[in-house]
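These notes concern the structure reproduced below.
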Amino acid sequence: QVQLVESGGGLVQAGGSLRLSCAASGIIFSRSILGWYRQAPGKQRELVADITSAGTTNYADSVKGRFTISRDNAKNTMYLQMNSLKPEDTAVYYCTNYGNWGQGTQVTVSS
């Protein structure tokens with residue numbers, strides 16, 4: 001059974017930082033392409049960043065230079081370090097292995 005469990009969301013002031021985690025089970029983690037997506041109220045779900053099994057990363061233009069995606073294959077965990085947060089980053093953040101989705105974690109950035 002595949003499980004993707006996000007954690008680390010919360011309320012932070014603009015300019016602050018958060019680190020999200022996605023713990024995976026039931027998949028061959030080291031071989032998986034993984035991604036972070038977000039969905040704000042009234043908007044479509046959008047890609048934030050993804051990372052290949054080789055560690056190649058890809059970012060949405062809106063987060064380049066502020067967010068960093070990484071993975072720890074020994075811990076079956078993916079991370080999203082979010083710095084210089086803006087109110088427009090407020091959304092539910094989801095992790096995916098492009099076959100399954102986590103339940104999401106809320107990130108709220110106050111101005």
Check against side chain to side chain contact (heavy atoms under 4.5 Å, CB included), M78 and W36:
CA-CA 9 Å; M78 175 178 63; W36 286 101; 3.4 Å; yes
Assess the residue pair I51 and I33 against the criterion (side chain to side chain contact (heavy atoms under 4.5 Å, CB included)); give the C-alpha distance rounded to whole Å, side-chain angles, the decisive distance to 0.1 Å, and a yes or no.
CA-CA 6 Å; I51 185 167; I33 299 173; over 6 Å; no
Just by distance, no angles: are the side chains of D50 and Y37 close enough, under 3.5 Å, to form a donor-acceptor pair?
no
Q103 CD to C95 SG distance, which is reported to the nearest 0.5 Å:
7.5 Å
Which class fits the ring pair Y94 and W101: parallel under 30°, tilted 30 to 60°, perpendicular over 60°?
perpendicular
Looking at every heavy atom in both Y98 and L34, which two are closest together, and how far apart are they?
CE1-C, 4.0 Å
Is the NZ or CZ atom of R71 positioned over Y79's six-membered ring, under 6.0 angstrom from the centre and within 45° of the axis?
no
Rounded to the nearest 0.5 angstrom, the OH-CD distance for Y93 and Q106 is 9.5 Å
Measuring from N83:CG to L18:CG, what's the distance to the nearest 0.5 Å?
9.5 Å
Might you point out which heavy atoms bring A40 and A91 nearest each other, and give the distance in Å?
N-CB, 3.8 Å
Under 3.5 Å, is there a donor-acceptor pair between the side chain of Q81 and the main chain of I69?
no
Using atom types as modelled and distance alone, determine if a side-chain donor or acceptor of R45 lies under 3.5 Å from a backbone N or O of R38.
no
Interatomic spacing from OH in Y59 to CZ in R66 - rounded to 0.5 Å:
12.0 Å
Can you confirm whether the side chains of D72 and T77 place a donor and an acceptor under 3.5 Å from each other?
no
Donor-acceptor pair, side chain of R31 and main chain of I27, under 3.5 angstrom
no
Could you measure the distance from the OG atom of S110 to the CG atom of L85? Nearest 0.5 Å is fine.
10.0 Å
Gap between atom CG of L80 and atom OG of S21 - 0.5 Å precision:
9.5 Å
Any ion pair linking D61 and K64 (charged N to carboxylate O, less than 4.0 Å)?
yes
Between T56 (side chain) and T52 (backbone), is there a donor-acceptor pair under 3.5 Å?
no
Tell me whether T108 contacts the main-chain N or O of L11 through its side chain, where contact means a donor paired with an acceptor under 3.5 Å.
no
Name the one of T105, L20, V92 that satisfies side-chain contact (heavy atoms from CB on, under 4.5 Å) with E6?
T105
Closest heavy-atom pair, A14 versus S111, reported as atoms and distance to 0.1 Å, is CB-CA, 4.4 Å
